[in-house]
Amino acid sequence: MKSIVCVGVATLDRVYRVEAIPSPPAKIRAIDYLEVGGGLAANAAVTVARLGGLGCYWGRVGADPVGDTILAQLAAEGVDVAGVRQVAGARSLAPAVLVDATGERLIVANPDPRLDPDPAFLDLAALRRADAVMADVRWVEGAERVLQEAHRLGLPVVLDAEAPGGDALDRLCPLSGHVIFSIDGLRAFAAEDDMDRALVTAHARLGAVVGVTLGADGVRLRSAAG
């Protein structure tokens with residue numbers, strides 16, 4: 001059984017299905033509603049578990065009912081949550097997500113600065129038992145600490161490179177052997193609107209396998225092989 005440590009964000013998404021996302025703003029009626037676990041790193045850990053591996057989620061949630069639900073859902077999926085800290089006085093992330101009939105979405109996030117970013121609680125020695133590491137850019141301090149140790153140990157690293165603002169991409173991309181960008185993330189990193197040229201630029205800068213997710217148009221990858 002392969003063990004994959006996934007470090008970053010976990011959420012409880014409150015999803016509203018609507019016919020269309022309104023513009024201008026208006027009162028509308030939802031077709032359906034559900035609450036479902038989300039977050040880049042947490043989703044990756046669940047995927048690993050469903051594929052028969054050991055998904056380990058490392059991150060932070062609030063010491064609140066939403067945080068309790070997030071951890072219970074992850075544990076029910078078979079994800080190891082021993083590397084999670086529940087932060088007293090902090091609010092767990094519960095974004096509102098509008099999804100229209102075409103699959104387009106509007107996300108309203110609720111980050112809480114009281115979620116202490118200090119990664120000192122992480123058990124980096126546990127990485128010696130891991131086969132690979134995945135990280136997102138939503139907890140830069142934790143991801144950077146884990147990726148530095150993974151790099152030292154020679155572990156494969158995959159980075160989910162969205163566009164969070166600040167210097168997250170510059171700090172985390174060079175520590176990753178596989179960097180999978182969102183469109184906005186690649187545009188921000190490469191300062192290029194054409195995705196093919198942007199992949200060439202990213203690969204030249206990083207020397208890693210780089211990719212970009214393009215929604216209905218699939219995924220494009222670039223490596224030393226082309």
- Message: Could you tell me if the side chain of His151 sits less than 4.5 Å from the side chain of Val157, heavy atoms only?
- Response: no

- Item | Arg91, CZ atom: more than 12 neighbouring heavy atoms under 6.0 Å | yes

- Taking side chain as C-beta onward, heavy atoms only, is Ile180 less than 4.5 Å from Asp160? no

- Task: Measure the shortest side-chain to side-chain distance between Phe189 and Val179 over non-hydrogen atoms and say whether it is less than 4.5 angstrom.
- Result: no

- Message: Would Asp170 and Arg205 count as a salt bridge (charged side-chain N to carboxylate O under 4.0 Å, His left out) here? Give the steps.
- Response: CA-CA 11 Å; Asp170 290 332; Arg205 284 177 59 182; 3.6 Å; yes

- Query: Would you call Leu127 and Trp58 a side-chain contact if the rule is heavy atoms closer than 4.5 Å?
  - Reply: yes

- Considering the options Val209, Val212, Val200, which one meets the side-chain contact (heavy atoms from CB on, under 4.5 Å) requirement together with Arg222? Val200

- Message: Show me the pairs that pass side-chain hydrogen bond (donor to acceptor under 3.5 Å, both in side chains) and involve residues 183-193, at least two apart or across chains.
- Response: Asp184-Arg187, Arg187-Asp193, Glu192-Arg197

- By side-chain hydrogen bond (donor to acceptor under 3.5 Å, both in side chains) - contacts of Asp116 (at least two apart): Arg85

- Query: Is the Tyr16 ring parallel, tilted or perpendicular to the Tyr33 ring (thresholds 30°, 60°)?
  - Reply: tilted

Can you give me every donor-acceptor pair (side chain of residues 39-53, partner residue at least two apart or in another chain, under 3.5 Å) with its distance?
from, atom 1, to, atom 2, distance (Å)
Asn43, ND2, Gly39, O, 3.3
Thr47, OG1, Asn43, O, 2.9
Arg50, NE, Glu77, OE1, 3.1
Arg50, NH2, Glu77, OE2, 2.7

- Message: Does any part of the side chain of Glu141, heavy atoms only, come nearer than 4.5 Å to the side chain of Asp118, both counted from C-beta?
- Response: no

- Measure the OG1-CD distance between Thr102 and Glu19 for me, rounded to the nearest 0.5 Å. 11.0 Å

